[in-house]
Amino acid sequence: MTKPLAPHIPLNRPRLIAPGPVEVSPATLLALAQPQMHHRTPQARAKFLEVRGKLAQLLGDSFEAVIVTGSGTAAFEGALVSLVPAGAKVVNASAGKFSERWGEMAERLGYAVVKVQKPWGELLDAGEIAAACKDAYALTITHSETSTGALHDLEAIAAAAKAVNPDIVIIADCVTSYGVAELRPGAWQVDVIVSGSQKAAATPPGLGFVLFSPEAESKLIKNTPKGFYLDLERELRGQKEANTPQTPAINLIYALDVSLDRLLSVPLEVLWAEKKRQNDALIAAGDALGCRSWSGRPTPAVAVLVPPAGSGVKRIGGKQVAAALADMNQRALPGQAPHEDTVFRISTLGYADRYDALAVAGILEDAFSALGHPFERGAAVSAAWRVLSN
Ligand SMILES: *Cc1c(COP(=O)(O)O)cnc(C)c1O
């Protein structure tokens with residue numbers, strides 16, 4: 001294949017079709033190009049409160065948002081140390097990289113961790129998790145498992161856990177479901193939602209979000225011995241008055257404001273349906289090339305695809321697909337260790353519309369063609385378009 005004219009993306013970096021960091025809109029980037037403001041000015045403080053409000057609006061519930069300077073992992077650690085007393089029992093439900101991370105984190109923090117594990121690619125079982133929750137203080141769970149592409153049934157799991165233990169604090173990693181997938185923490189009895197700026201919020205990395213239900217807010221520990229910078233009780237008190245204990249990443253918050261306006265320009269149901277349609281289009285494109293979704297209940301945040309195998313067609317590895325895409329200046333991802341080669345991951349999370357999903361289908365055709373995989377040209381693009389035009 002001759003090299004095509006460079007796409008409309010800057011040449012010094014690949015197009016981002018990975019589930020974070022994601023493409024960022026020019027308007028959001030321009031918000032970062034302002035002269036430095038001081039975070040204690042009336043204007044900056046008003047903006048801070050406005051953005052906190054928009055973060056709750058994107059959740060669709062009257063939760064209280066705390067903006068953490070740090071990535072999603074810092075936000076999760078803050079939620080844990082600010083809500084769970086030292087040594088308490090924490091149930092960790094896991095079926096992939098990120099959910100396993102929360103178990104490891106809770107162990108390091110000295111909690112009594114009970115792990116309820118499923119193999120990667122499989123779905124968590126509500127009954128199994130609930131059985132472990134009886135005398136636990138908290139449950140950590142990942143809604144959209146970005147490593148496997150599974151959207152776990154948070155609603156059913158939370159209902160089962162609360163049925164056996166109404167006081168259990170459910171801390172949900174919604175890093176790639178917040179602003180992407182249907183999420184109703186109030187109705188679902190989920191207490192804490194954690195996310196970060198470089199996923200659906202389509203802002204550069206550097207901010208984490210923690211959203212507390214009124215009940216979770218009442219359970220925040222004063223002067224937690226396990227955190228100073230990540231003492232979110234103190235943070236929330238300050239942030240409600242736009243008076244953060246530390247210097248906030250005010251420039252990123254200005255940028256986030258612009259990105260949130262785009263997401264909030266349509267009702268949440270419309271946003272969720274559109275992101276699902278885009279991701280379904282990627283899965284359909286993969287399907288047309290002989291791939292299959294690793295999860296039977298796919299998250300709308302990312303298509304995690306098992307490359308074609310068997311029936312005379314030579315096996316293609318996930319790493320090979322990601323490398324072929326990289327050769328075309330497209331940044332997708334292979335699987336995460338220890339499943340690097342099992343799958344590849346492509347995504348339109350972030351600043352992308354349905355026509356970007358169509359482009360990714362075409363990109364995928366070029367990659368599979370470069371890998372010598374036989375298929376009918378146009379099959380993936382037309383499969384994607386069928387989904388998108390529905
Ligand atoms: C990206 C991600 C995280 C957080 O990662 P950071 O690099 O700390 O922002 C956590 N959970 C899931 C499911 C993710 O996709």
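Ligands are counted one by one from 1 in listed order, and the atoms in each one are counted from 1 as well.
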Report, one line per pair, each donor and acceptor closer than 3.5 Å where one atom sits in a side chain of residues 60-72; sequence neighbours left out.
residue	atom	partner	partner atom	Å
D61	OD2	G186	N	2.9
E64	OE1	R52	NH2	2.5

Notebook entry, point to check: In terms of side-chain heavy atoms, does W102 have a donor or acceptor partner in T142 at a distance below 3.5 Å?
Noted result: yes

Item checked: Any side-chain donor near an acceptor of the partner, S25 and R262, under 3.5 Å -> no

Next item on the list: For E104, enumerate each residue passing the side chain to side chain donor-acceptor pair (under 3.5 Å) test, keeping only those at least two apart in sequence or located in another chain.
Entry: none

Run the side-chain donor-acceptor check on residues 381-390: report pairs under 3.5 Å with partners two or more places apart or on a different chain.
residue	atom	partner	partner atom	Å
S382	OG	R386	NH1	3.4
S389	OG	W385	O	2.6
N390	ND2	R386	O	3.3

Next item on the list: May I ask you to say whether R377 pairs ionically with E365, meaning some side-chain N is under 4.0 Å from a carboxylate O?
Entry: yes

Ligand 1 N/O to protein N/O, distances under 3.5 Å:
residue	atom	partner	partner atom	Å
ligand 1	8 (O)	S71	OG	2.5
ligand 1	8 (O)	G72	N	3.4
ligand 1	8 (O)	T73	N	2.9
ligand 1	8 (O)	T73	OG1	2.5
ligand 1	9 (O)	G72	N	3.0
ligand 1	9 (O)	Q198	NE2	2.8
ligand 1	11 (N)	D173	OD1	3.4
ligand 1	11 (N)	D173	OD2	2.7
ligand 1	15 (O)	T146	OG1	2.5
ligand 1	15 (O)	K199	NZ	2.8

